[in-house]
S.K.: 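Pasting a structure here, questions to come.
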2 protein chains.
Amino acid sequence: MSLDRRSGCPINLSLEVFGDRWSLIILRDMIFGGRRHFRELLNGSIEGIASNILADRLKRLMELGMLTKADDPSHKQKAIYSLTEMAITLVPILAHLGAWGRVWLPTSEELSIRAELLEKGGPPMWEKFMDELRHEHLGMPLDTASGPSVRATLQAAYQAVVAGKAPGASPAA
Amino acid sequence: MSLDRRSGCPINLSLEVFGDRWSLIILRDMIFGGRRHFRELLNGSIEGIASNILADRLKRLMELGMLTKADDPSHKQKAIYSLTEMAITLVPILAHLGAWGRVWLPTSEELSIRAELLEKGGPPMWEKFMDELRHEHLGMPLDTASGPSVRATLQAAYQAVVAGKAPGASPAA
DNA sequence: TGCAACCGATTGCAAAATGCAATCAGATTA
DNA sequence: TAATCTGATTGCATTTTGCAATCGGTTGCA
């Protein structure tokens, strides 16, 4: 896909790539949620994307070089979507965006705990996370002695908050 | 203005604020271009925003707490728009966004030189810039012995590139 | 073998957002 | 007083979005 190219300004061009209401949501679910299939993205995101919009955005993101698509060997009709390096390098931007939104917007506690952790982890954590994504999506080698994955760490924090808020659950899990 | 609040996720809420094609362009022109009036924003941006969209987005950004509007004392019919702290803290995000776009998208040299400088300046430069914006827009005191303003520095670099590219101009300015 | 469930989409349609040009009333300038 | 500039507003055609239904093929299970 070619950009409209309203101007050659880096900010404008970035907006032409993901300056809509869904592209970055899809990337967020792939990056932080680990989703790789159409249905996972369709049913997984709390915002409830429509299937035609999802199909359109996946196609667009592929044409822009942010995603690739491959056949899932285990299921003949399943397609598996992978992030490219171009998309993986969005991690610091998403971290900043999450941090900004957490400060200025009415975020919910359980959904902002991950942004908080990612902010506190800072660039070292982002780099570790990007390496893990490169491993998952690009098949790059991964440093073995690196402890639990960043995604697992973020997910555990999320679960802890949800458990703490759920009625009857043990807050001191 | 109330957000649609598709979800309380910080990234989603951030997208609901400026996840469209124009809001961040307007903020970019105010932050980096120093534009404060309707006409400056209308005619100044190279992307060419329509006046009804500009009016709508200014209103929306005001309702979201990103901008304020006041009468310009020098011209009775002129309105002057100011950034709030909420908008000023977008500077690091814009810096990251510009850096990302410069790497991955077909940016033009003259329009990406500012992003490059801002990236090289890093957080210290961003902080200085934000302080200058707080001075301009919020009337905060400014450290006096701080040299030329960040905006002037960025603008000078832009002019130098433009002069170097212009036929007949002196590249070694 | 049958059959329901699931796969990645596609289609049709109404509603909303966008882009564009013309226009507005008041204030300023010449 | 006439032209120009101010921040908008209006009307209208085009585009995008949101939503529900549906599609042909695949899979898992009885």
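Letters A, B, ... are given to chains in the order of the sequence lines, protein chains preceding strands, and every chain is numbered from 1. Keep in mind that this is a model prediction, so the values were computed, not measured.
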S.K.: Tell me the interatomic distance from A:L61, atom CG, to C:dG8, atom P, rounded to whole angstroms.
M.R.: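 Whole-Å distance recorded here is 16 Å.
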
S.K.: Of all the nucleotides listed (C:dG19, C:dG8, C:dT18), which has the minimum atom distance to the side chain of A:R39?
M.R.: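 Nearest nucleotide to the side chain: C:dG8.
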
S.K.: Sub-3.5 Å donor-acceptor pair from the side chain of A:W100 to the main-chain atoms of B:I93, do we have one?
M.R.: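 The answer is no, because no donor-acceptor pair under 3.5 Å joins these two groups.
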
S.K.: Is A:R28 close enough and on-axis enough to A:W22, meaning under 6.0 Å and within 45°, for cation-pi?
M.R.: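 Not satisfied by the 6.0 Å and 45° rule.
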
S.K.: Taking only the side-chain heavy atoms of A:K76 (C-beta and beyond), determine which of D:dT26, D:dA20, D:dG7 contains the nearest atom.
M.R.: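 The listed nucleotide nearest to A:K76's side chain is D:dT26.
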
S.K.: Closest approach of B:P10 and A:G98, non-hydrogen atoms and distance?
M.R.: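 That would be CB-O, 3.4 Å.
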
S.K.: How close or far is atom P of D:dG7 from atom CG of B:L42, stated in whole angstroms?
M.R.: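 B:L42 atom CG is separated from D:dG7 atom P by 9 Å.
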
S.K.: For the pair made of CD1 in B:I49 and P in C:dG19, what is the distance, rounded to whole Å?
M.R.: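 Answer to the nearest Å: 8 Å.
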
S.K.: Using whole Å, report how far NZ of B:K59 lies from P of D:dG7.
M.R.: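 Result: 18 Å.
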
S.K.: Both A:R6 and A:K69 contact DNA chain C. Taking the nearest nucleotide for each, which residue is further toward the 5' end?
M.R.: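 Final value for this comparison: A:K69.
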
S.K.: Nearest of C:dT28, C:dC7, D:dG7 to any side-chain atom of B:K78?
M.R.: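 Of the candidates, D:dG7 comes closest.
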
S.K.: Name the closest nucleotide to the A:H37 side chain, picking from C:dG8, D:dT9, C:dT29.
M.R.: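 Nearest nucleotide to the side chain: C:dG8.
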
S.K.: Answer yes or no: does a side-chain N or O of B:W22 lie under 4.0 Å from OP1 or OP2 of C:dG19?
M.R.: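 Answer yes for this pair, as a side-chain N or O of B:W22 is under 4.0 Å from OP1 or OP2.
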
S.K.: Separation of B:L67 atom CG from D:dA8 atom C1', in whole Å?
M.R.: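 Atom CG in B:L67 sits about 16 Å away from atom C1' in D:dA8.
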
S.K.: What is the distance, to the nearest angstrom, from the CG atom on B:D56 to the C1' atom on C:dA16?
M.R.: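 It is 12 Å, rounded to the nearest whole Å.
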
S.K.: Taking OP1 and OP2 of C:dT18, is either one under 4.0 Å from a side-chain nitrogen or oxygen of B:R57?
M.R.: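 Checking B:R57 against C:dT18: at least one side-chain N or O falls below 4.0 Å of OP1 or OP2.
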
S.K.: Measure up the B:H96 and A:H96 rings against each other and bin them: parallel (under 30°), tilted (30 to 60°), perpendicular (over 60°).
M.R.: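 It falls in the tilted class, 30° to 60°.
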
S.K.: What is the distance, rounded to the nearest whole Å, between atom CD1 of B:I80 and atom P of D:dA8?
M.R.: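 Rounded to the whole Å, the gap is 13 Å.
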
S.K.: From the options C:dG8, C:dT18, D:dA20, select the nucleotide whose nearest atom is closest to the side chain of B:D20.
M.R.: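 Selected nucleotide: C:dT18.
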
S.K.: Go nucleotide by nucleotide along DNA chain D from the 5' end; which of A:A50 and A:Q77 gets its closest nucleotide reached first?
M.R.: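 That would be A:A50.
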
S.K.: Map B:L58 and A:I53 onto DNA chain D by nearest heavy atom, then report which one ends up closer to the 5' terminus.
M.R.: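 Final value for this comparison: B:L58.
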
S.K.: To the nearest angstrom, how far is A:D4 atom CG from D:dT15 atom P?
M.R.: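 Those two atoms, CG and P, are 12 Å apart.
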
S.K.: Picking from C:dT11, C:dT29, D:dT9, which would you name as closest to the side chain of A:N52?
M.R.: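 Minimum distance to the A:N52 side chain belongs to C:dT11.
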
S.K.: Answer yes if the ring centres of B:F129 and B:F32 are under 6.0 angstrom apart, and no otherwise.
M.R.: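 So the answer is yes for these two rings.
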
S.K.: Taking the side chain of B:F38 as heavy atoms from C-beta outward, which of C:dT18, D:dA8, D:dT17 is closest to it?
M.R.: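 Among the listed nucleotides, the one closest to the side chain of B:F38 is D:dA8.
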
